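Here is the structure we will look at.
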There are 2 protein chains.
Amino acid sequence: MTTLAKDEVIKSDILDEATKLFRHYGLQKTTMEDIAKAVGKGKSTLYYYYKNKEEIFDAVIRKEKNIIFRNIQEDVSKEDSAVKKLEAFTRSKMREIKRMTTLYQVVVSEVRSCNELELGIRRNYDCTEAEILKSILQYGVITGEFPNYDQQELDMLAFLLVNAQRGVETALIMESKLDEMSEKMDFLVSVLMNGIRRS
Amino acid sequence: MTTLAKDEVIKSDILDEATKLFRHYGLQKTTMEDIAKAVGKGKSTLYYYYKNKEEIFDAVIRKEKNIIFRNIQEDVSKEDSAVKKLEAFTRSKMREIKRMTTLYQVVVSEVRSCNELELGIRRNYDCTEAEILKSILQYGVITGEFPNYDQQELDMLAFLLVNAQRGVETALIMESKLDEMSEKMDFLVSVLMNGIRRS
DNA sequence: TTCAGACTAAAAATATTTATTAGTCGAAAA
DNA sequence: TTTTCGACTAATAAATATTTTTAGTCTGAA
């Protein structure tokens with residue numbers, strides 16, 4: 001294997017600097033020149049590596065999202081019962097959200113007004129969440145922890161879990177009670193869990 | 001008892017017309033002149049009966065909110081088990097929301113940007129919801145349907161229920177899937193219910 | 001006591017100018 | 001050939017000035 005292609009290194013540099021800047025100043029207030037300066041290159045050089053600003057932002061979000069979900073997946077896979085997996089999922093998600101509050105805010109709030117992007121990213125994000133949840137639920141059905149929900153019911157359950165959690169998340173963020181988040185989420189999950197477990 | 005005081009009649013007329021207009025055009029796009037014209041009075045007359053526009057809007061919201069919650073309370077009180085009460089609560093709330101989508105939108109979305117009002121109304125609205133839920137839960141503890149949750153746990157449960165439901169509501173409204181609302185809510189409530197019922 | 005018309009001050013909408021910034025291009029450096 | 005840059009433009013956003021609308025007041029009439 002040869003050394004990493006030079007252009008891949010630079011692309012990755014650009015992404016790293018862009019990530020920092022977006023996190024600090026948000027999407028709108030970070031200019032292409034800011035990014036170029038941070039990388040130590042001219043502005044037009046960025047356009048040699050990326051089509052435009054949106055492509056950079058997309059790449060940043062995709063990368064960060066992947067990190068989040070890799071971490072979550074890792075935590076989830078450590079547990080061996082579906083119930084514990086679900087608890088791990090929530091705990092892990094909370095931790096990730098706190099760790100990346102700024103970028104999360106960008107995705108959740110700033111981007112919320114930037115219609116084109118919003119839908120894509122937010123939906124994509126939720127889909128991944130729902131996917132993970134669904135796989136956990138499916139696992140629970142297999143292990144016999146949960147009753148024999150059919151595919152449609154599992155979809156609905158995953159949908160409900162994602163959005164119920166988000167409802168609580170939003171309320172706590174709006175009242176800036178992030179510190180109560182864990183406790184309340186634990187309680188919510190334990191209730192939901194017991195609910196799912198019945199028949 | 002004498003005939004209803006004349007000014008009470010007019011105040012009520014103003015409220016009725018204002019309600020219609022707010023429902024049709026929203027808070028911002030309804031002017032005091034519009035209301036006055038609809039009532040068939042001059043604009044300044046409105047100020048004889050109400051301090052300002054906000055007071056009118058407040059009164060409209062309070063009145064509508066009372067109707068909603070009276071209807072919900074009525075439906076809830078018909079049931080005699082806590083579980084059925086909770087189901088009735090959700091079903092009834094869904095129906096009320098659909099019935100008043102427009103005004104609900106005003107409260108939920110338009111007012112969301114109108115900071116001063118937002119907090120007051122939204123919080124007030126949620127409080128009432130949470131109060132009803134809490135009383136249902138308390139009832140369930142008394143009847144033995146639910147385990148012996150203490151006061152703090154009941155508060156938390158009510159908070160969770162309100163916001164979990166709102167999360168799902170919001171998602172469905174955003175995707176304009178109001179028709180799936182009942183089905184999904186039923187499912188959510190049944191899950192939550194079973195969760196609450198355990199120990 | 002109840003109302004209206006004329007009024008004001010504040011806010012909202014509009015138009016206009018100015019400043020930034022995303023993205024292009026052709027040419028130079030590596 | 002691959003990578004970089006400086007100079008340029010067109011579009012977007014920010015700032016400013018201008019007009020219109022509208023909430024709320026005041027005086028006085030019925």
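Lettering of chains follows the sequences in order, A, B, ..., and the numbering in each one begins at 1. Please read all numbers here as calculations on a predicted model, not as lab measurements.
- The interatomic distance linking M32(A) (CE) with dT4(D) (P) rounds to 15 Å, in whole Å.
- For D16(A) and K63(A), the salt-bridge test passes: some basic side-chain N is under 4.0 Å from an acidic carboxylate O.
- Checked against dA22(C), dC5(D), dG24(D), the side chain of K41(A) finds its nearest nucleotide in dC5(D).
- For T31(A), the listed nucleotide lying nearest its side chain is dT21(C); candidates were dT21(C), dT22(D), dC5(D).
- Across all strands shown, I10(B) has heavy atoms under 4.0 Å from sugar-phosphate atoms exclusively, and none from any base.
- At whole-Å resolution of the value, CZ in F57(A) and C1' in dA22(C) are 16 Å apart.
- The bend of the helix from dT1(C)-dA30(D) to dA30(C)-dT1(D), defined by the angle between the axes of its first five and last five pairs, stands at 30° to the nearest 10°.
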Taking distance alone, no hydrogens or angles, what donor-acceptor pairs closer than 3.5 Å link side-chain atoms of residues 34-42 of chain B to residues at least two apart or in another chain?
unit_1	atom_1	unit_2	atom_2	d
D34(B)	OD1	T31(B)	OG1	3.4
D34(B)	OD2	T31(B)	N	3.1
D34(B)	OD2	T31(B)	OG1	3.3

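- On a pure distance criterion of 3.5 Å, no polar donor-acceptor pair joins the side chain of S44(B) and the base of dG24(D).
- Rounded to an integer number of Å, the gap from CD of E55(A) to P of dG23(C) is 10 Å.
- Among the nucleotides dT4(D), dG23(C), dC3(C), the one closest to the side chain of T45(B) is dC3(C).
- The distance from atom NZ of K29(A) to atom P of dA22(C) is 14 Å, rounded to the nearest whole Å.
- Atom NZ in K11(B) sits roughly 12 Å away from atom P in dT2(C) (whole-Å rounding).
- The pair R91(A)-E79(A) fails the salt-bridge criterion, with no side-chain N (NZ, NE, NH1 or NH2) lying under 4.0 Å from an Asp/Glu carboxylate O.
- Rounded to whole angstrom, the span from the NZ atom of K53(B) across to the P atom of dA12(C) amounts to 10 Å.
- Between K85(B) and E145(B) there is no salt bridge, since none of the side-chain N atoms of the basic residue sits less than 4.0 Å from a carboxylate O of the acidic one.
- Here dT25(D) presents its P atom at 9 Å from NZ of K51(B), a figure rounded to the nearest Å.
- In this structure, the OH atom of Y48(B) is 6 Å from the P atom of dT1(C), given to the nearest Å.
- A 4.5 Å side-chain heavy-atom check between E129(B) and K93(B) finds at least one atom pair inside the cut-off.
- Counted within 6.0 Å of NZ on K84(B), heavy atoms from surrounding residues, nucleotides or ligands total 12 or fewer; the atom is thus considered open.
- The residue among K43(A) and Y49(A) whose nearest nucleotide of DNA chain D is located toward the 5' end is Y49(A).
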Kindly determine whether F69(A) and E131(A) satisfy side chain to side chain contact (heavy atoms under 4.5 Å, CB included), including the steps that lead there.
CA-CA 11 Å; F69(A) 285 113; E131(A) 281 308 310; over 6 Å; no
